[in-house]
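Contents: one structure, followed by commentary.
Every value quoted in this text rests on a predicted model; they were computed, and no experiment measured them.
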Amino acid sequence: MSDANPYALLFEPVQIGPVTAKNRFFQVPHCTGMGHMRPRADAAVRGMKAQGGWAVVSNQETEIHPSSDLSPFPEGRLWDERDIPALRLMTDAVHEHGALAAIQLVHNGNHAPNHLSRAPLLAPSEMSVDAAIPKHARAMDKKDIREFRRWHRDAALRAKSAGADIIYVYAGHSMSIAQHFLLPHMNTRSDEYGGSLENRARLIKELLQDAREAVGDTCAVALRFGIDEMEGPDGMQAAEEGREVVELLSDLPDLWDVNVSGWENDSATTRFQPQDGYQNEYLSFVKQVTGKPVVGVGRLTSPDMMMSMVKKGIVDLIGAARPSIADPFIPKKIEEGRIDEIRECIGCNICVASDNLGIPIRCTQNPT
């Protein structure tokens with residue numbers, strides 16, 4: 001790459017805790033419909049993105065325990081050591097092209113139907129399962145919380161053994177216990193894990209501290225946070241409480257991955273949300289209250305928009321899920337000046353439809 005490249009800023013390295021991303025392109029976690037059931041295919045998808053120039057390539061939701069069983073949906077899985085070899089296929093494929101491998105650990109709480117494991121459903125408070133099936137989640141007691149923290153820590157250690165460079169604590173998209181504890185309509189507890197925002201954020205803080213203690217010497221610890229799902233009488237108060245969470249946890253994670261939560265918002269179709277960078281108004285404050293790098297999304301395919309976001313101090317890293325599916329080679333094409341060859345994501349969401357059906361991912365712009 002010549003110094004004359006107008007997009008040279010996008011190819012600067014970024015320090016993320018103890019690891020370094022070789023440029024600013026970051027494929028955030030997203031499902032492929034392959035996961036633990038088709039690990040070689042999943043590894044090939046991720047490896048192609050690393051080949052295409054993405055500095056960080058993440059996998060998908062990775063279940064940490066049988067009590068978070070998403071079957072029949074084929075997500076990632078790290079229930080025990082037997083799941084390490086499948087995950088190692090992905091990290092090896094990513095490392096082959098000089099990229100960092102990120103793993104998104106998750107316990108889905110009452111969002112996990114546990115059809116296969118038949119384990120009891122867990123939630124901050126007693127409630128029905130988040131699915132059209134007749135099941136009920138029981139409120140986690142202190143022993144459950146201690147066990148959950150142990151499961152998460154053990155999964156982080158397994159992820160490290162599998163070759164992960166960045167390990168996620170996941171609190172977004174209404175699909176993780178960590179976020180469920182944050183939300184007042186799901187957390188009606190009266191102990192130190194309920195009530196005030198500081199109490200409701202306690203579990204996330206503990207998970208970040210546990211992960212840092214377990215793997216932080218060699219792996220970065222990231223937090224994925226759905227900033228718009230905090231609650232209040234109006235949207236403005238909800239956004240303000242989201243800001244308070246970032247202020248409260250500030251420099252605990254090595255990386256903030258901040259997004260607008262929920263499929264209907266985070267993966268908005270162009271029919272209803274045509275703008276690139278449509279999440280910027282939600283992301284813009286984060287770098288003001290943390291000294292750690294920030295990654296954000298918003299169906300980003302325009303290098304000019306990417307440059308603007310970095311220059312304005314909105315993000316340090318350009319995040320993408322759907323655009324990286326439509327064109328795994330976006331970074332290389334920008335680096336080589338082949339902007340006109342970028343295959344742009346059109347936001348049709350056939351990829352999202354595939355995920356909702358639990359089948360291998362499809363893309364109208366990238367039939368391969």
Side-chain angles (χ1 to χ4, degrees), residues 25-65 68-108 112 116 155-156 158-168 170 173 175-176 219 222 224 257 267 297 319-331 345 349-363 365-368:
F25 292 92
F26 192 116
Q27 182 246 287
V28 297
H30 75 75
C31 306
T32 61
M34 299 167 188
H36 72 275
M37 291 178 62
R38 304 173 183 88
R40 296 186 186 280
D42 190 63
V45 169
R46 311 297 180 181
M48 181 174 288
K49 296 186 186 191
Q51 183 183 358
W54 298 86
V56 180
V57 178
S58 310
N59 75 339
Q60 60 261 297
E61 288 183 289
T62 304
E63 303 163 8
I64 65 172
H65 190 263
S68 180
D69 168 31
L70 291 167
S71 302
F73 296 95
E75 308 293 0
R77 183 170 287 177
L78 264 179
W79 288 3
D80 55 42
E81 285 73 14
R82 290 172 294 182
D83 294 317
I84 291 176
L87 187 56
R88 171 66 76 171
L89 293 172
M90 175 265 182
T91 60
D92 284 349
V94 169
H95 290 156
E96 182 180 348
H97 300 286
L100 301 176
I103 310 301
Q104 181 173 257
L105 303 181
V106 68
H107 192 299
N108 271 258
L116 179 67
R158 288 193 286 272
K160 179 179 177 178
S161 297
D165 305 291
I166 300 173
I167 295 173
Y168 267 94
Y170 184 31
H173 302 102
M175 294 193 295
S176 77
C219 299
R224 196 177 200 194
D257 179 343
S267 296
V297 296
R322 292 175 296 170
S324 75
I325 298 165
D327 193 340
F329 291 86
I330 287 176
C345 170
N349 279 6
I350 194 172
C351 55
V352 176
S354 300
D355 177 64
N356 288 338
L357 292 170
I359 61 175
I361 203 165
R362 295 173 292 170
C363 179
Q365 306 309 293
N366 182 9
T368 62

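- Atom CD of Gln27 sits about 11.0 Å away from atom CD1 of Ile330, to the nearest 0.5 Å.
- Scored by the side-chain contact (heavy atoms from CB on, under 4.5 Å) test, Leu357 finds Ile359, Arg362 as partners (sequence neighbours excluded).
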Decide yes or no on side chain to side chain contact (heavy atoms under 4.5 Å, CB included) for Arg46 and Leu89, but give the supporting numbers first.
CA-CA 10 Å; Arg46 311 297 180 181; Leu89 293 172; over 6 Å; no
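- The shortest side-chain heavy-atom distance between Ser68 and Glu61 does not fall under the 4.5 Å cut-off.
- Looking at heavy atoms from C-beta onward, Pro328 lies in side-chain contact with Asn366 at the 4.5 angstrom threshold.
- Rounding to the nearest 0.5 angstrom, the gap separating the CD atom in Gln60 from the SG atom in Cys31 is 6.0 Å.
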If you apply the rule side chain to side chain contact (heavy atoms under 4.5 Å, CB included), what do you find for Met48 with Phe329, and how did you get there?
CA-CA 8 Å; Met48 181 174 288; Phe329 291 86; 3.8 Å; yes
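- Contact of the Lys49 side chain with the Ile325 side chain is registered, since non-hydrogen atoms from C-beta on lie closer than 4.5 Å.
- Heavy atoms only, all atoms of each residue included: Arg88 and Ala162 are closest at NE-O, 3.3 Å.
- Asp83 contributes atom CG, which lies 12.5 Å from atom CD1 of Ile64 (distance to the nearest 0.5 angstrom).
- Asp80 has no carboxylate O lying under 4.0 Å from a charged side-chain N of Arg158, or vice versa, which leaves the two without a salt bridge.
- At least one donor-acceptor pair under 3.5 Å links the side chain of Trp79 to the backbone N or O of His65.
- Taking 4.5 Å as the limit, every side-chain heavy atom of His97 sits out of range of all side-chain heavy atoms of Val57.
- The side-chain heavy atoms of Ile84 and Leu78, taken from C-beta on, include a pair separated by under 4.5 Å.
- In this structure, Ala93 and Ala43 approach most closely via the heavy-atom pair CB-O, 3.5 Å.
- Judged as a side-chain contact (heavy atoms from CB on, under 4.5 Å), and not counting sequence neighbours, the contacts of Ala222 are Ile166, Tyr168, Leu255.
- The shortest non-hydrogen separation linking Met37 to Pro72 is SD-O, 4.3 Å.
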Audit row: Ser71, Arg77, side chain to side chain contact (heavy atoms under 4.5 Å, CB included) steps and yes/no
CA-CA 11 Å; Ser71 302; Arg77 183 170 287 177; 3.5 Å; yes
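- Scanning both residues, Ile103 and Asn59, for their nearest heavy atoms gives CA-OD1, 3.3 Å.
- With a 4.5 Å cut-off on side-chain heavy atoms, Cys351 and Arg322 count as touching.
- Without hydrogens or angle criteria, Ser176 side chain to Tyr170 main chain gives a donor-acceptor distance under 3.5 Å.
- Between the side chains of His30 and Asp355, no donor-acceptor pair of N or O atoms lies under 3.5 Å.
- Separation of atoms CG (Asp69) and NE2 (His107) is listed at 10.0 Å; rounding is to 0.5 Å.
- Contact between Asp42 and Met34 at its shortest, heavy atoms only, is N-SD, 3.7 Å.
- Applying the side-chain contact (heavy atoms from CB on, under 4.5 Å) criterion to Ala353, with sequence neighbours excluded, gives no partner residue.
- Distance check, rounded to the nearest 0.5 Å: CG of Asp165 to NE2 of His95 gives 3.5 Å.
- Nearest heavy-atom pair, Gly358 versus Pro74, reported as atom, atom and distance to 0.1 Å: O-CD, 3.7 Å.
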Please walk me through it: do Gln104 and Ser58 pass side chain to side chain contact (heavy atoms under 4.5 Å, CB included)?
CA-CA 7 Å; Gln104 181 173 257; Ser58 310; over 6 Å; no
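- Interatomic distance, Ile350 CD1 to Gln365 CD, rounded to the nearest 0.5 Å: 10.0 Å.
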